[in-house]
Amino acid sequence: QVQLVESGGGLVQPGGSLRLSCVASGSIFSIDTMGWYRQVPGKQRELVTTITGGGTTNYADSVKGRFTISRDNAKNTVYLQMDSLKPDDTAVYYCNARVRRTPSIVIDDCWGQGTQVTVSS
């Protein structure tokens with residue numbers, strides 16, 4: 001069993017910052033790519049950013065230069081630093097991870113329960 005738990009969401013004014021965290025726990029040998037996605041009601045879940053085990057990052061164009069993903073492999077944790085937030089960033093943010101329970105047993109899609117981020121004055 002593997003669990004992802006997000007934290008750090010909340011209400012922030014436009015131009016403000018938030019830092020999300022996601023901790024993976026359970027039967028984990030290692031974690032490959034970790035990432036953040038977001039979803040607003042009535043729309044599909046969209047990719048925000050990913051980071052590989054080696055630290056290679058990828059960002060959606062809409063967040064480049066404003067959001068920064070990082071990870072602490074020793075703590076099985078991924079972070080999302082969100083700066084210069086805009087009302088369009090309002091969404092439920094989900095953590096995702098590709099988890100190895102053993103070197104050969106891989107869970108491709110582990111998801112957290114989501115954390116709400118609201119950007120509003």
Side-chain angles (χ1 to χ4, degrees):
Q1 194 81 0
V2 175
Q3 289 187 320
L4 301 181
V5 178
E6 301 103 332
S7 61
L11 173 65
V12 64
Q13 292 188 340
S17 297
L18 280 177
R19 189 190 194 212
L20 306 184
S21 300
C22 172
V23 180
S25 63
S27 179
I28 298 172
F29 173 78
S30 66
I31 304 176
D32 295 342
T33 299
M34 303 185 80
W36 291 93
Y37 291 71
R38 65 187 181 187
Q39 189 170 24
V40 297
K43 292 190 175 181
Q44 286 191 331
R45 192 171 296 187
E46 65 174 9
L47 170 70
V48 177
T49 179
T50 60
I51 184 168
T52 67
T56 299
T57 58
N58 176 55
Y59 294 93
D61 288 342
S62 59
V63 306
K64 280 181 181 176
R66 300 188 298 121
F67 290 10
T68 303
I69 190 171
S70 61
R71 63 190 285 174
D72 184 333
N73 292 330
K75 296 181 179 180
N76 289 334
T77 301
V78 63
Y79 305 98
L80 181 63
Q81 177 65 42
M82 303 186 292
D83 299 318
S84 302
L85 282 160
K86 305 175 182 179
D88 283 350
D89 295 318
T90 297
V92 177
Y93 283 71
Y94 295 91
C95 176
N96 174 268
R98 186 172 189 268
V99 177
R100 293 185 182 272
R101 296 187 62 184
T102 72
S104 58
I105 298 176
V106 178
I107 304 174
D108 279 318
D109 253 352
C110 293
W111 291 95
Q113 81 288 350
T115 185
Q116 177 70 47
V117 171
T118 302
V119 185
S120 175
S121 54

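Here the structure is a predicted model, which is why all the values come from computation and not from measurement.
- Considering OG1 of Thr77 and CG of Leu4, their distance stands at 10.0 Å, rounded to 0.5 Å.
- The structure places CD of Gln116 at 12.0 Å from CD of Glu6, a figure rounded to the nearest 0.5 Å.
- Within the 3.5 Å criterion, the main-chain N or O of Tyr37 finds no donor-acceptor partner in the side chain of Arg45.
- Within 6.0 Å of the CD atom in Gln3, the count of heavy atoms belonging to other residues, nucleotides or ligands does not exceed 12.
- How far OH of Tyr94 is from OG1 of Thr115: 10.0 Å, rounded to the nearest 0.5 Å.
- From Thr49, atom OG1 reaches atom CZ of Arg38 across 11.0 Å, with rounding to the nearest 0.5 Å.
- Taking 4.0 Å as the cut-off between side-chain N and carboxylate O, Lys86 and Asp89 do not count as a salt-bridged pair.
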Notebook entry, point to check: Can you check side-chain contact (heavy atoms from CB on, under 4.5 Å) on Cys95 and Trp111, steps first, answer last?
Noted result: CA-CA 6 Å; Cys95 176; Trp111 291 95; over 6 Å; no
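- Classification of the Tyr93-Phe67 ring pair by plane angle, with boundaries at 30° and 60°, yields tilted.
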All N/O donor-acceptor pairs, side-chain side in residues 7-24, below 3.5 Å, sequence neighbours left out:
from: Ser17; atom 1: OG; to: Asp83; atom 2: OD1; distance (Å): 2.7

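- Just one residue in the list Asp108, Thr33, Thr50 forms a side-chain hydrogen bond (donor to acceptor under 3.5 Å, both in side chains) with Arg98, and that residue is Asp108.
- In the hydrophobic clustering, Phe29 connects to no other residue, as no ILVMFWY side-chain heavy atoms lie under 4.5 Å from its own.
- Thr90 contributes a side-chain N or O that, together with a main-chain N or O of Val119, makes up a donor-acceptor pair within less than 3.5 Å.
- Contact record, Arg101 with Ile107: CD-CD1, 3.3 Å, taken as the closest heavy-atom pair.
- Listed for the Tyr59 side chain is a donor-acceptor partner under 3.5 Å among the backbone atoms of Ile69.
- When the side chain to side chain contact (heavy atoms under 4.5 Å, CB included) test is applied to Thr56, the partners found at least two apart in sequence or on another chain are Thr52.
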